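In this text the structure is predicted, and so the values were computed from the model without any measurement.
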Amino acid sequence: MRRSICGCLCLLCLCWITLQAQAGRRKVMENPGFVLTNTEDLEIRRIVLTDEQTQVEVVMYGKPGTPAVFSSKAALKWADGGVARLRDAGGASVDGLTEPEVIADDGKLDVTLSFAPIRSDVHEVDFVDPEMGWNIFGIQLSSKEPYVYVPNYLTTDKPERRNEILEPGLAAGKAVVNGYILGYDPRMSLFAELVYKDGIFPEEWKRSIKVRQDGSFHLETELLQPTLTSLRLNEATLQLFLVPDEEVTVYVHLPRVSMASSRLLGKHYEKKQKAWFDGAAETINMELAGGRSSALEAYRVVEKKMMESPDVASLLKADYQKAVPVCARLAASSSLSSDDRKILKSVNFPEIRTYVEAVAQSLQANAKRMDAVREAVIVSLDSHVTGADILPKIIAPHKGRAILIDFWATWCGPCRKSMQALVPLKKSLSSKDIVYVYLTGPSSPENVWKSTLSKMTGVHYRLTEAQWKYLCASYGVTGIPAYLIISHDGKLQARYIGFPGVDVLQKDLIRAVEE
């Protein structure tokens, strides 16, 4: 009897252990969190992990009738180089080899993807389909929100900024944004831009943003008045309220911003704090990042009352009727005609004239940069620009870009030889945001100088004797060719007397763009 009881107990224990083992091999995540996506075409509804496979249930979105096709190169990847490749796609075609299902009339289609199994110690994966161009980074294999380090001083309650008084109305000036994208990793395919309308130019403005490897960025943009803008991070959007001549620092919680823009997770994250701020319009921005808008609404009430007052509205309407056609022509040509300048002088509000002229200057500088990529652009530097103002004046039009400054002369053989050596480098770095600036002095005869520029793409200055000598003395240029490399944030990164070689300059320029 005792043996029978022991045998039964052993059998029950074995069955329990077997059931537990089987249960342990099945893990289900509903609507898993993620850090960043580059597509609106699909979202992940469920992940089921077993020892046999990784099942990923996705929802595809798009125009009704669009075929559902994945490539055989689709995979799940994780940090240590592990890869789980696509095996099958239920409800979709792989490489178009079978007749695919199509997106239904409601704009959706459920698809079940089967991948190779994932190790149990992996906590997050990336979904990639290189052929279709789809990437979803940092998909969580648990119910937890993606971890992001948020400094304590950001989440500690601050005393209400009672002195934060925003004056509505026109106030032309440059708004400055310093940003930190918390949760960013350089391996992510992140496209960032600031988008807004000013009500006076025909199209919305789109300011591309360079995000450094540490997730930081810096942006300056001209505004006509306090403006609600959109910071776009791939498919996600964070609203920013910017103020002319004011600076704001924003700390962006990348996963929350991404998930708040998700169809499946949006409601859960719309009221969560997605960013923290320090500086101009802090109260309004903090509320917007937490899904609230009472401070902005209160500002709008005051703004409307001011702008619609009889002594302002009629003058403003008249000014807009004059300025809008001017802005349309400026947007098309990147320059102001003499007639348009006369029109601007007649407006009632000087802020409008100041703003349009500042935008014109920016558009002209950008047009010159674009021309410099294709051809040699000659730029004159006023002889009255002297001393410590010389280099800042030269690099100012290229703010936010890496700059290679080349000191040379027409009579310098090594200078011309090194320029030829840089032709392949320019071509290989053509996708990078780099400007090539060439400086020479009076020892280069003007007619000879101009005749040698036909194949030297870049921005060319012929300085006065005083300007040339000051720069050479200030930066230790004791011989030519000589080079200065300015990073995208305006800092001097490297200096070379004599040609250091293509490899050295290429390495420095890439670092000047990306770091």
Side-chain angles (χ1 to χ4, degrees), residues 33 36 145-146 148-171 173 175-184 192-199 204-205 207 209 215-217 219 221 223-263 265-307:
L36 180 69
E145 178 182 287
V148 168
Y149 172 70
V150 180
N152 289 333
Y153 65 84
L154 295 179
T155 57
T156 302
D157 290 336
K158 295 181 180 180
E160 186 177 348
R161 294 187 62 180
R162 302 185 185 280
N163 62 338
E164 184 184 60
I165 301 174
L166 294 178
E167 291 291 339
L170 304 182
V176 178
V177 182
N178 294 305
Y180 299 89
I181 301 180
L182 309 177
Y184 171 72
E193 65 177 1
L194 187 77
V195 181
Y196 60 93
K197 288 186 176 182
D198 59 15
E204 65 182 7
W205 293 107
R207 305 295 192 194
I209 298 173
S216 64
F217 65 87
L219 174 71
T221 190
L223 294 179
L224 178 58
Q225 59 190 341
T227 303
L228 185 62
T229 70
S230 295
L231 174 62
R232 292 182 182 172
L233 304 171
N234 285 6
E235 303 303 325
T237 299
L238 177 70
Q239 290 187 311
L240 302 180
F241 191 76
L242 302 183
V243 182
D245 286 330
E246 295 285 350
E247 184 171 335
V248 64
T249 301
V250 54
Y251 303 83
V252 181
H253 193 298
L254 183 59
R256 287 186 182 177
V257 172
S258 298
M259 292 186 291
S261 300
S262 158
R263 293 177 176 90
L265 296 169
K267 283 190 175 181
H268 181 70
Y269 283 94
E270 63 181 356
K271 298 296 183 182
K272 288 198 174 187
Q273 196 66 33
K274 295 172 280 294
W276 295 265
F277 298 84
D278 184 33
E282 182 179 322
T283 301
I284 291 177
N285 279 314
M286 284 291 290
E287 283 195 1
L288 289 173
R292 305 179 304 280
S293 60
S294 58
L296 178 61
E297 290 168 1
Y299 172 84
R300 292 297 192 211
V301 170
V302 178
E303 180 186 51
K304 183 177 181 182
K305 184 177 180 181
M306 173 182 289
M307 302 298 274

*asked:* Quick check for you: to the nearest 0.5 Å, what is the distance between Tyr149 atom OH and Leu154 atom CG?
replied: 8.5 Å
_Ile209 vs Leu231 side-chain heavy atoms within contact, under 4.5 Å_ = yes
_Between Glu145 and Met259, is there a side-chain heavy-atom distance shorter than 4.5 Å?_
yes
*Over 60° means perpendicular and under 30° means parallel, so classify the ring planes of Tyr251 and Tyr180, tilted if in between.*
parallel
*Please examine the side chains of Leu194 and Phe217, heavy atoms only from C-beta on, and report whether any two atoms are closer than 4.5 Å.*
no
*Considering only heavy atoms from C-beta outward, does the side chain of Glu282 approach that of Asp278 to under 4.5 Å?*
yes
*asked:* Strictly by side-chain hydrogen bond (donor to acceptor under 3.5 Å, both in side chains), give each pair with a member in residues 228-240 just once, sequence neighbours left out.
replied: none
*Give the intermediate values and the outcome of salt bridge (charged side-chain N to carboxylate O under 4.0 Å, His left out) for residues Arg300 and Glu303.*
CA-CA 5 Å; Arg300 292 297 192 211; Glu303 180 186 51; 3.1 Å; yes
*Less than 4.5 Å apart, any side-chain heavy atom of Leu242 and any of Thr227?*
no
*Least distance between heavy atoms, Tyr184 atom then Gly215 atom*: CD2-CA, 3.6 Å
*Near Tyr269 OH, under 6.0 Å, is it more than 12 heavy atoms from other residues, nucleotides or ligands?*
yes
*Quick one: CG on Leu296 to OG1 on Thr283, what's the gap to the nearest 0.5 Å?*
12.0 Å
*Does Met286 offer a backbone N or O that forms a donor-acceptor pair with the side chain of Gln273 under 3.5 Å?*
yes
*How close do Pro244 and Pro226 get, heavy atom to heavy atom, and via which atoms?*
CD-N, 3.5 Å
*asked:* How close do Pro146 and Gly33 get, counting heavy atoms only, and between which atoms?
replied: CG-C, 4.2 Å
*Look at the side chain of Glu246 and the backbone N and O of Ala280, then say whether any donor-acceptor pair between them is shorter than 3.5 Å.*
no
*asked:* Within the 4.5 Å heavy-atom criterion, are Leu224 and Leu170 side-chain neighbours or not?
replied: yes
*Examine distances only and state if a side-chain atom of Lys274 and a backbone atom of His253 form a donor-acceptor pair shorter than 3.5 Å.*
no
*asked:* In terms of relative ring orientation, are Trp205 and Tyr196 parallel, tilted or perpendicular, with 30° and 60° separating the classes?
replied: tilted
*For residues 288-298, pull every pair meeting salt bridge (Lys or Arg N to Asp or Glu O under 4.0 Å), keeping only residues two or more places apart or in separate chains.*
none
*Roughly how far, to the nearest 0.5 Å, is CG of Leu288 from OG of Ser294?*
9.5 Å
_So Met307 and Pro168, do their side chains get closer than 4.5 Å, heavy atoms only?_
no
*Is there side-chain contact between Leu238 and Leu233, with at least one heavy-atom pair below 4.5 Å?*
no
